[in-house]
Amino acid sequence: MRIATWNVNSLKARLPRVEEWLGYAQPDVMCLQETKLADTAFPSLTFQALGYDAAHHGEGRWNGVAILSRVGLDDVVAGFTDAHEPDTDARLLWATCGGVRVASVYVPNGREVGHDHYRYKLDWLARLRVHLESHCDPARPLAVCGDFNIAPTDDDVWDPAVFAQSTHVTPPEREALAALEDWGLVDAFRRHRPEPHLYTYWDYRAGMFHKHKGMRIDLILATPPVADQVSFALIDRQARKGSQPSDHAPVLVDTRP
DNA sequence: ATGGTCGCGCAGCGA
């Protein structure tokens with residue numbers, strides 16, 4: 001099974017590129033983030049015509065996550081299901097696809113260290129960990145895919161010195177990510193591709209993509225029943241090139257049957 | 001890097 005994730009930075013703006021990508025990459029499950037669409041504007045029929053069932057959790061101008069699947073799409077749940085206030089943002093969607101519980105996640109950016117949004121980011125990640133503890137089992141197939149807005153290690157940024165004291169690399173953020181791994185998730189791409197300086201995001205500004213100055217912040221975190229079966233892993237840099245690209249590239253992993 | 005571009009939506013914010 002091929003599982004992919006892509007922060008598309010507006011599905012309306014990116015639909016032609018997404019259709020093109022589905023055509024040549026042929027994922028079985030595709031998680032999308034930053035669709036920036038209301039549910040009523042989500043192009044379900046376009047994906048249906050390409051052979052994909054789809055679920056979307058959106059709010060309109062910002063955020064928005066989706067899961068496309070051609071191996072079944074069941075038990076769809078949007079957001080957290082706990083006793084706390086519902087998340088103000090559309091950042092989390094669950095579905096079961098081909099026997100794998102899948103989450104499409106768009107972790108808050110954090111904006112600045114010390115900002116209210118930075119606290120929201122850390123709280124959001126802690127809440128995700130609690131959700132895993134209460135709803136999921138690390139012994140069963142699970143893949144949490146999306147834009148985590150965290151570079152797990154200094155190997156995942158082009159110049160750690162530039163990012164010192166910045167969001168995406170701070171110890172509290174990395175510890176929050178490590179807490180997910182402590183529960184039982186494995187960075188499936190990294191396990192298969194250990195070499196440093198492989199990125200999934202490059203700022204549109206200043207020709208950062210062409211200078212190879214990026215960050216690896218889009219992750220596929222999977223439990224061992226999935227992660228142990230990965231046979232291939234790729235960041236598709238081609239998708240970051242050409243006309244009207246997202247500022248993120250898709251990430252995919254293949255698992256053995 | 002903190003200039004430099006996008007997307008949204010029509011000013012300026014968020015990333």
Side-chain angles (χ1 to χ4, degrees), chain A residues 5-21 31-43 46 56-66 87-92 104-125 145-152 154-170 172-174 176-177 196-197 199-219 235-251:
Chain A
T5 185
W6 195 5
N7 179 324
V8 293
N9 185 19
S10 170
L11 185 56
K12 182 180 176 185
R14 214 66 59 212
L15 188 57
R17 297 293 302 254
V18 173
E19 289 185 73
E20 174 191 36
W21 198 82
C31 295
L32 303 175
Q33 300 86 37
E34 280 206 89
T35 61
K36 298 185 177 179
L37 293 177
D39 288 335
T40 51
F42 183 76
T46 299
H56 181 249
H57 176 43
E59 61 190 72
R61 295 169 62 184
W62 291 295
N63 310 308
V65 286
D87 194 357
T88 55
D89 297 350
R91 298 182 174 277
L92 177 64
S104 182
V105 305
Y106 178 44
V107 175
N109 173 286
R111 298 184 191 167
E112 305 278 346
V113 176
H115 194 287
D116 285 348
H117 204 264
Y118 180 76
R119 171 49 54 188
Y120 171 54
K121 179 180 195 174
L122 296 177
D123 289 346
W124 199 97
L125 288 159
C145 311
D147 179 357
F148 284 77
N149 272 313
I150 300 169
D154 284 353
D155 283 345
D156 299 306
V157 298
W158 59 273
D159 182 355
V162 168
F163 293 95
Q165 319 301 327
S166 310
T167 60
H168 296 61
V169 303
T170 65
E173 292 166 272
R174 287 177 170 171
L177 188 61
H197 310 303
Y199 309 130
T200 65
Y201 161 81
W202 303 260
D203 198 310
Y204 282 124
R205 294 170 292 187
M208 298 294 266
F209 178 72
H210 300 285
K211 295 174 185 170
H212 306 291
K213 294 180 174 180
M215 311 177 80
R216 191 176 70 92
I217 58 178
D218 299 272
L219 309 175
I235 298 166
D236 183 14
R237 296 179 74 262
Q238 286 299 123
R240 181 61 178 78
K241 303 177 183 176
S243 170
Q244 293 187 289
S246 172
D247 44 0
H248 295 250
V251 183

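Lettering follows sequence order; numbering is per chain, from 1.
Distance, Asn109(A) CG to dC6(B) C1': 15 Å, rounded to whole Å. Between the CH2 atom of Trp202(A) and the C1' atom of dC6(B) there is a distance of 16 Å, given to the nearest Å. The distance from atom NE2 of His117(A) to atom P of dG14(B) is 9 Å, rounded to the nearest whole Å. In this structure, Lys36(A) atom NZ and dA15(B) atom C1' are separated by 7 Å, rounded to whole Å. Trp62(A) places its CH2 atom 8 Å from the C1' atom of dG14(B), with the value rounded to the nearest Å. If you take CG of Asn149(A) and C1' of dA15(B), they are 8 Å apart, rounded to a whole angstrom. What separates CD of Gln33(A) from C1' of dA15(B) is a distance of 14 Å, to the nearest Å. When the C1' atom of dA15(B) is taken as reference, atom CG of Asp147(A) falls 10 Å away, rounded to whole Å.
For Tyr106(A), taking side-chain heavy atoms from C-beta onward, the closest of the listed nucleotides dA15(B), dT2(B), dG7(B) is dA15(B). Closest approach to the Asp159(A) side chain among dA15(B), dA1(B), dC6(B) is made by dA1(B) (side chain taken as heavy atoms from C-beta onward). Picking from dT2(B), dA15(B), dG7(B) the nucleotide with the shortest atom distance to the side chain of Ser166(A) gives dT2(B).
Aromatic ring centres of His115(A) and Tyr118(A): separated by at least 6.0 Å.
A donor-acceptor contact closer than 3.5 angstrom is absent between the side chains of Trp62(A) and Asp89(A). A side-chain donor from one of Gln33(A) and Thr5(A) sits under 3.5 Å from a side-chain acceptor of the other. With no hydrogens or angles considered, a side-chain donor-acceptor pair links Tyr120(A) and Asp87(A) at under 3.5 Å.
Nearer to the 5' terminus of DNA chain B, by closest-nucleotide assignment, is the contact made by Thr35(A) (compared with the other of Thr35(A) and Gly110(A)). Comparing Phe163(A) and Leu11(A) against DNA chain B, the residue whose closest nucleotide sits nearer the 5' end is Phe163(A).
Neither OP1 nor OP2 of dG14(B) sits under 4.0 Å from any side-chain N or O of Arg61(A). Residue Ser10(A) places at least one side-chain N or O closer than 4.0 Å to OP1 or OP2 of dC8(B). Between dA15(B) and Arg111(A), a contact under 4.0 Å exists linking OP1 or OP2 to a side-chain N or O.
Going from the P atom of dA1(B) to that of dC13(B) covers 26 Å, rounded to whole Å. Comparing dT2(B) with dA11(B), their P atoms sit 31 Å apart, to the nearest whole Å. Remark: the separation of the C1' atoms in dG14(B) and dG9(B) is 13 Å, to the nearest Å.
In summary, Asp236(A) and Lys241(A) do not engage in a salt bridge, as defined by a charged side-chain N under 4.0 Å from a carboxylate O.
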